[in-house]
Amino acid sequence: MGERRAMVFGATGYTGREVVRLLVETGAQTVAHVRPGSSRGAEWAEVFREQGAEVVECPWEEGVLMEALREAEPEVVFFLVGTTKSADRRSEEDLSYEAIDYGLCRMLVDACVATGLGPRFVYLSAMGVREGSRSAYYQARYRAEEAVKESGLSYVIARPGMITGPDRDESRPMERAGGVVSDVIAGGLRLMGAGRLADRYGATDNTELATALVELGLGEGESQVVEAEDLKRH
């Protein structure tokens, strides 16, 4: 896997920082995108450089992204940006789903296509995404998945279950409680011999998920949608 070129968007997030670290460990030439003005962006940029990754700081504007892509010439692009699913109600949060979960993904897909570089596109989606959902969160995720599929790029769409862990920067007690419940359910399923279902509904941490994403992104193969239970098998 060495000597591959990869670019990570959402690098400062819980999953993104592990993807950057693991990419560097594989020997891949790694570029981490940091949005100017992002919380702890400067701190993580320093960490990435110390790890051996390059850092590109540029705003989310298609023309600027195209320049950054042409400079980096990545063979694999990771889009690990997204908001957290909340109670399903029409609110400002719904607008953020449209602008971030769909809008930024679509912008990056279009930039990748416009440059003609044709990188493999790894999109971090979510378990349960489907057409016709009444949830604004899942609607945005579905539209993003469709943009990736229709782009003509080789792709990996990953649909993990709950992503949590004690080392998250944000205080998310409900999310952590949900992770505990998920693991209890998963444990019960394993006792009943339903290992695949247990893998589907059990929580995952950033290292486990990042390991699967890096392996799938740098590996060869057809475009694919990978569900939670299969991500745990990488």
Side-chain angles (χ1 to χ4, degrees), residues 1-84 96 99-112 114-115 117 119-125 144 148 156 158 160 163-172 175 204-218:
M1 291 185 182
E3 300 304 316
R4 301 292 299 280
R5 295 188 301 278
M7 193 166 186
V8 183
F9 292 82
T12 62
Y14 183 58
T15 301
R17 64 188 68 160
E18 272 296 282
V19 167
V20 171
R21 184 182 69 81
L22 291 172
L23 282 168
V24 173
E25 283 190 1
T26 68
Q29 298 177 27
T30 306
V31 179
H33 171 260
V34 176
R35 177 178 57 84
S38 65
S39 175
R40 298 186 64 189
E43 177 183 341
W44 278 107
E46 183 177 352
V47 171
F48 296 148
R49 291 188 179 101
E50 290 176 352
Q51 290 174 341
E54 297 177 37
V55 175
V56 169
E57 298 185 56
C58 66
W60 281 94
E61 298 174 8
E62 188 169 343
V64 178
L65 293 177
M66 288 175 62
E67 291 181 12
L69 287 165
R70 289 193 181 103
E71 180 69 23
E73 296 186 331
E75 298 167 85
V76 187
V77 168
F78 293 82
F79 181 84
L80 313 175
V81 178
T83 52
T84 302
S96 74
I100 297 173
D101 295 83
Y102 168 70
L104 295 187
C105 180
R106 182 57 188 261
M107 183 187 298
L108 184 58
V109 167
D110 289 348
C112 286
T115 59
L117 294 169
R120 186 167 175 84
F121 197 96
V122 180
Y123 171 54
L124 182 58
S125 187
V148 173
V156 173
I163 309 167
T164 189
D167 57 340
R168 295 205 74 152
D169 296 336
E170 308 93 335
S171 176
R172 295 181 177 178
E175 183 177 277
T204 187
D205 64 21
N206 61 340
T207 299
E208 183 178 42
L209 178 56
T211 299
L213 294 176
V214 169
E215 182 178 333
L216 289 163
L218 296 184

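Each residue takes its place number in the sequence, starting with 1. Keep in mind that the numbers below use all heavy atoms, side chains included, and drop hydrogens, waters and symmetry copies. Source: prediction; values computed, not measured.
- T30 OG1 to E25 CD: the interatomic distance, rounded to the nearest 0.5 Å, is 10.5 Å.
- Using a 4.5 Å cut-off on side-chain heavy atoms (C-beta onward), V122 and L216 make no contact.
- Closest approach of P74 to L69, counting heavy atoms only: CD-O, 3.4 Å.
- Checked by atom type and distance alone, the side chain of H33 pairs as donor or acceptor with a backbone atom of C58 at under 3.5 Å.
- Closest heavy-atom contact between G82 and I100: CA-CG2, 4.3 Å.
- Side-chain contact between V47 and V20: absent, with no pair of heavy atoms (C-beta onward) separated by less than 4.5 Å.
- Within the 4.5 Å cutoff, no side-chain heavy atoms of L65 are placed close to those of D110.
- Of the inter-residue distances, the one linking E62 atom CD with C112 atom SG reads 10.0 Å to the nearest 0.5 angstrom.
- For the side chain to side chain contact (heavy atoms under 4.5 Å, CB included) with R4, the qualifying choice from Q29, R120, E75 is E75, the only one to do so.
- In this structure, F78 CZ and Y123 OH are separated by 15.5 Å, a value rounded to the nearest 0.5 Å.
- Counting only heavy atoms from C-beta outward, the side chains of L213 and L22 never approach each other to under 4.5 Å.
- Atom CD of E46 is surrounded by 12 or fewer heavy atoms from other residues, nucleotides or ligands within 6.0 Å.
- Residues L124 and P160 form a side-chain contact, since some pair of their non-hydrogen atoms from C-beta on lies under 4.5 Å apart.
- E71 CD: 12 or fewer foreign heavy atoms inside a 6.0 Å radius.
- For the pair F79 and V109, the minimum side-chain heavy-atom distance is 4.5 Å or more.
- Here the closest heavy-atom approach between residue R5 and residue E73 is recorded as NE-O, 2.7 Å.
- To the nearest 0.5 Å, the span separating CD1 on I163 from CG on N206 amounts to 9.0 Å.
- Taking the side chain as every heavy atom from C-beta outward, T12 and F48 approach each other to under 4.5 Å.
- Taking OG of S125 as the start and CG of L80 as the end, the distance is 12.0 Å to the nearest 0.5 Å.
- For the atom pair CZ (R70) and OG1 (T115), the distance works out to 6.5 Å, reported to the nearest 0.5 Å.
- Closest non-hydrogen pair, G217 versus V76, comes out as O-CG2, 3.4 Å.
- Ring-plane geometry between F9 and W60 is classed as tilted, the angle between the planes lying from 30 to 60 degrees on a 0 to 90 degree scale.
- Here the side chains of V34 and W44 are not in contact, with every heavy-atom distance at 4.5 Å or above.
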